[in-house]
Amino acid sequence: MTVAYPHKSNNGMGAREILPHVVRDRKLHLVMLNRYRYNEQHSCLDLTDLVEKLDGQPKELVRDLSHHIADEARHAMWLTDLLMELGADIGKPPGVSYIKEFDRLIDQESYKQQGNLDDRLIHGLAAINVTEKRGCEYFSAHIKVLKEAPKTEENIKIIKTIEQIFPEEVGHVRWGNRWLAQIAKKSPEHRQKVEQAKCQYVAIEQAAYESGIDLMAGAELRRLNNLLEVANTLPVWERPQYLIERLPHTLLAPELQMTRIQVAQKAWQQDPQGFIEKFVPMFLNGLNQVSKNQQKAVS
Ligand SMILES: [Fe+2]
Ligand SMILES: [Fe+2]
């Protein structure tokens, strides 16, 4: 069976590389917590959507999903309470939204057309499973980084909240793995569908994850590359339509430009000299990556 785990970004940025920087900057830290809150809240919508699609069958799964929704709603509640206590924003987080990008990249049309219950199930479970794995990667790294950070009253409150959520997320991942393995056992055809869905959602999740953290020059071309990776997991006849529908947004994402401007402004305001010495070379470094990728593609 494929082990469908999320990967680091192209430039090697995973939770363990990103979170130490985030925790050091209070504003960024609060934005990150608000992103967690937003994603938890949004996952209630996705799970509810799956319950409605299943329409009562299989009963055990619908029951499990109803418990799952309650867990995610509680996670969102804990994070909302925490953010309120810390005087932070609880509106839509700034920047490219990971979960919205994930939804955009899902092939909604073929997803909706799946008349077969097992197919709907496989897709729904594979999609939920891969985002929960990313959540676990972040929560576990966040706890580790906070344990090494100064023991301020605020950090203690944050760690307590994440430590409450993390074990339940690990449980959700195991639950998803179990259901997918159970469906795969039904027949060789089922096994193949489960494998294919896992590959597809790993590619979609990777593209969504990278779009949220890659702001450097050439990000549009890397987004295009990721979109092609997702398209390659689809049946050949579905690929052109899938690409045509998503190309404009992939190459001209307005929220990517907006986030770039905000990040650049912030870096400039905090440290004009550092902006020239560090931020500009880091931004341009993104171009080197594009040319490296192009060279790889040619050779
Ligand atoms: Fe959760
Ligand atoms: Fe979860």
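We count ligands from 1, going down the list as the structure has it; atoms in each ligand are counted the same way.
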How about His29 and Glu154: does a side-chain donor come under 3.5 Å of a side-chain acceptor? no
Modelled atom types, side-chain donor and acceptor of Lys151 and Asn155, under 3.5 Å: no
Derivation and outcome, side chain to side chain donor-acceptor pair (under 3.5 Å), residues Trp179 and Asp64: CA-CA 11 Å; Trp179 268 98; Asp64 286 359; 3.2 Å; yes
Check: Lys157 main-chain N/O paired with Thr161 side-chain donor or acceptor under 3.5 Å: yes
Note on the Fe ion (ligand 2): protein N/O/S atoms within less than 2.8 Å are Glu72 OE2, Glu132 OE1, Glu169 OE1, His172 ND1
Heavy-atom side-chain contact between Lys186 and Asp118 under 4.5 Å: yes
Short N-O contact, Arg134 and Glu137, less than 4.0 angstrom: yes
